[in-house]
There are 4 protein chains.
Amino acid sequence: MSHQLPEPIPAESPAAHGTARALRADARRNRERVLRTAQQLFAQEGLGVSLDEIARRAGVGPGTVHRHFPSKEALYLAVSIDQLERLVAEAAALAAGGDPAAVFTLLSRMMADGAENSTVKSALTAAEFDLRTAAPEVATDLTGYVTELLDRARTAGLVRDDVTADEVMALVAGAFAAIRHADAHADPARAARIGGIILDGIRPRSR
Amino acid sequence: MSHQLPEPIPAESPAAHGTARALRADARRNRERVLRTAQQLFAQEGLGVSLDEIARRAGVGPGTVHRHFPSKEALYLAVSIDQLERLVAEAAALAAGGDPAAVFTLLSRMMADGAENSTVKSALTAAEFDLRTAAPEVATDLTGYVTELLDRARTAGLVRDDVTADEVMALVAGAFAAIRHADAHADPARAARIGGIILDGIRPRSR
Amino acid sequence: MSHQLPEPIPAESPAAHGTARALRADARRNRERVLRTAQQLFAQEGLGVSLDEIARRAGVGPGTVHRHFPSKEALYLAVSIDQLERLVAEAAALAAGGDPAAVFTLLSRMMADGAENSTVKSALTAAEFDLRTAAPEVATDLTGYVTELLDRARTAGLVRDDVTADEVMALVAGAFAAIRHADAHADPARAARIGGIILDGIRPRSR
Amino acid sequence: MSHQLPEPIPAESPAAHGTARALRADARRNRERVLRTAQQLFAQEGLGVSLDEIARRAGVGPGTVHRHFPSKEALYLAVSIDQLERLVAEAAALAAGGDPAAVFTLLSRMMADGAENSTVKSALTAAEFDLRTAAPEVATDLTGYVTELLDRARTAGLVRDDVTADEVMALVAGAFAAIRHADAHADPARAARIGGIILDGIRPRSR
DNA sequence: AATGAATGAGCCTTCATTCAT
DNA sequence: CATGAATGAAGGCTCATTCAT
């Protein structure tokens, strides 16, 4: 939402004839294609994939990739932000509902996402490029929702008193890594068990 | 005969103290230096660091790195194995003692190591190069000790019945990632808290 | 549609003359330049020349060489095949004519080529990389024509009965080496004399 | 003979005690070993072989190779000269006999040598390093004998009037290449046939 | 005099980025 | 705006040569 692309104010556009509009639609389609392709390839092969490969698979020239994403880092961040935004949308929906255990739903969902698509993991882990610096708002948005849901669960006695939202986020990143390490990508039951153990860790020690 | 150590007229030698007996020691020192430098740089910057950079920082030529470690993978594996071997040694010591809670000690130690030096994490995660293939014995040894200590703890009722050694190892890898994600490398207390939450997850739900 | 040639408003185009239609022509020119430079340098210095040197002398970057010829072997083969194809064309033309002595014309021509440009020699010698494997058709074509012309000459009593096409080819390679060894590259008369001696060897002992 | 190694005048040697003599014998044995190994490897693999490989196979350290042959070129030239010297010896023996056809014997022998051991070929071809510059005397010696034997054969009407010793040498180099090209190294009969054709070329056209 | 570790220039190749068309 | 050719700075690795022992 607050992260729209830098768009040259379509209303005021000096060239409002048909062809320009068509091109812009094309451009957007290309951008989308590159983004999607990059997401897949980053997920499958890691950050090592070359931009040429991404361009080839997206069916565009390398120059086109560059026009939309001026550097590899920019593309990587765009992919990450894209994924985060989806999570934020889910978090918002859960926050709108009244379930006190919604944090667990959200966290499970995050873990599952990460298990399937390790780019989310990378996105959150932000190991190589700094997502928090580049797109502070989305990250903040997500943390905000997690905080809200966490507080709600705490009030209901469903999570330990001493655990913070930051730590919970870190644990999600940890769950990704754990699932990945156990090669449990493809075994949802096993991935769920590992994620479950970590979630159990944030539950209160029962009396 | 012709291969005797070339002793430059021992009587007249200007430096007759112990330090003179180097050479092969020098080679070993270089190897050690490269290994240590690589450990640091891999930990700090990831596998992306160039061998030339490692050589430069170790104060040797690129060829020297190559002499000791004929490929980047070989160097990486050497670093990983080196670290694993230390863990195995610790695990052995703990197994020799009788503490039923020794798993927790070992796991805490592993997590702390990983927090300080994410190469251990990489070593365990073995994402890029396959450690399990290259040095199966060390990895097996470690798993063996973990299994032993885990069983002992289970017998004492200190861990859940349903958790396996593989999962525990995966959780350690997850803890590394979580600690790293929380930027808690440098904050031992925080790292300990995060690690603690994960360890709590493998404890039995108390009665 | 979206992939049409981007014609920058043809009506207003400042340069509407023929010369503007380059680009792909540029690429082809570069390819040609690299090929020619490689031919020369391989001929002068052997396969030892570095690709960087070839690039430098062709006035392009090393990457450009790589784009057109993905490996040194590929470049070498391209050079060789290029030369062979010219020979095959000549052989075809000679085969089309009716001269029973055409073999000698062809062989002389091959020797002269080799004298000027020892890459042909390398191409035929195929010492380092295997041309016969990589481009079997061209090599086969050439041998085919030689066989045909040789048979024709034999029928006319112009060559010994016992000499085969393979041996003739080998002798051509030998002539290259002989001419090269005598430093007769630049002295056509001398090169011709040496080549002539070898050709005389395949003529029947007269009676 | 005139090409003996630079030997520090044994008679005047300041250190004439036993150990020095023993060591010198060792050194000579090493030199011989390296030379022989280099000969083999150059012949089998070409100039591409590394000095380390030569050292390893000769059972000495790389430093030892360097002590005897200060550069790769020096080693290569030493190998070549060594081979040439053997040819010169043979040529001298043939010149001492009275056979007018001795040139053919010598040339056949040279071709056979080259077929078996392409270093001789390289030595004569002197493609990469310039043998004629580095060791003019041996080359001159050989050419001298060839000239002598050639003249004698010419007088006896066994060779064409117009062929020179230089050309004959070049043809020998050509024969090496031809034999090599025909893959006839291992097929002496075939190699002989190819060599024979070339020799026939220098015979007078029979009346 | 031999050893073999160290050096470092250079090789082939890759790839993010720029730019002419 | 898209294209894709060109660029050129690394990267990993090799190897002739030097040098401490």
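Within every chain, numbering begins at 1; the chains are lettered A, B, ... in the order of the sequence lines, protein sequences first and strands thereafter.
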Any side-chain N or O of H68(B) below 4.0 angstrom from OP1/OP2 of dA6(E)?
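Checking H68(B) against dA6(E): at least one side-chain N or O falls below 4.0 Å of OP1 or OP2.
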Return no unless some side-chain N or O of N30(D) is found under 4.0 Å from OP1 or OP2 of dA2(E).
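Yes, because at least one side-chain N or O of N30(D) sits under 4.0 Å from OP1 or OP2 of dA2(E).
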Taking atom [atom2] of [N] as reference, at what distance in whole Å does atom [atom1] of [X] sit?
X: L75(C); N: dC11(E); atom1: CG; atom2: P; answer: 15 Å
X: R28(B); N: dG4(E); atom1: CZ; atom2: P; answer: 15 Å
X: L41(C); N: dC12(E); atom1: CG; atom2: C1'; answer: 16 Å
X: I54(D); N: dT17(F); atom1: CD1; atom2: C1'; answer: 14 Å
X: R56(B); N: dA6(E); atom1: CZ; atom2: P; answer: 19 Å
X: R67(D); N: dT17(F); atom1: CZ; atom2: P; answer: 16 Å

Identify the stems formed by DNA chain E, where each pair is Watson-Crick or G-U wobble with both distances under 3.5 angstrom and a stem is at least 3 consecutive pairs.
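Result, WC/G-U stems under 3.5 Å: E:2-21 with F:2-21.
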If a protein heavy atom is under 4.0 Å from the base, mark B; if only from the sugar-phosphate, S; if neither, -; do that for nucleotides 10-15 of chain F going 5' to 3'.
-SSSBB
Tell me which of V60(C) and G61(A) sits closer to the 5' end of DNA chain F, going by the nucleotide each one is nearest to.
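The residue whose closest nucleotide sits nearer the 5' end is G61(A).
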Would you mind reporting whether R56(B) and D52(B) have side-chain heavy atoms less than 4.5 Å apart?
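No; the side chains remain at least 4.5 Å from each other.
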Under the criterion side chain to side chain contact (heavy atoms under 4.5 Å, CB included), I'd like the reasoning laid out for L35(C) against F69(C): C-alpha separation, chi angles, the key distance, then a yes or no.
CA-CA 9 Å; L35(C) 200 58; F69(C) 310 99; 3.8 Å; yes
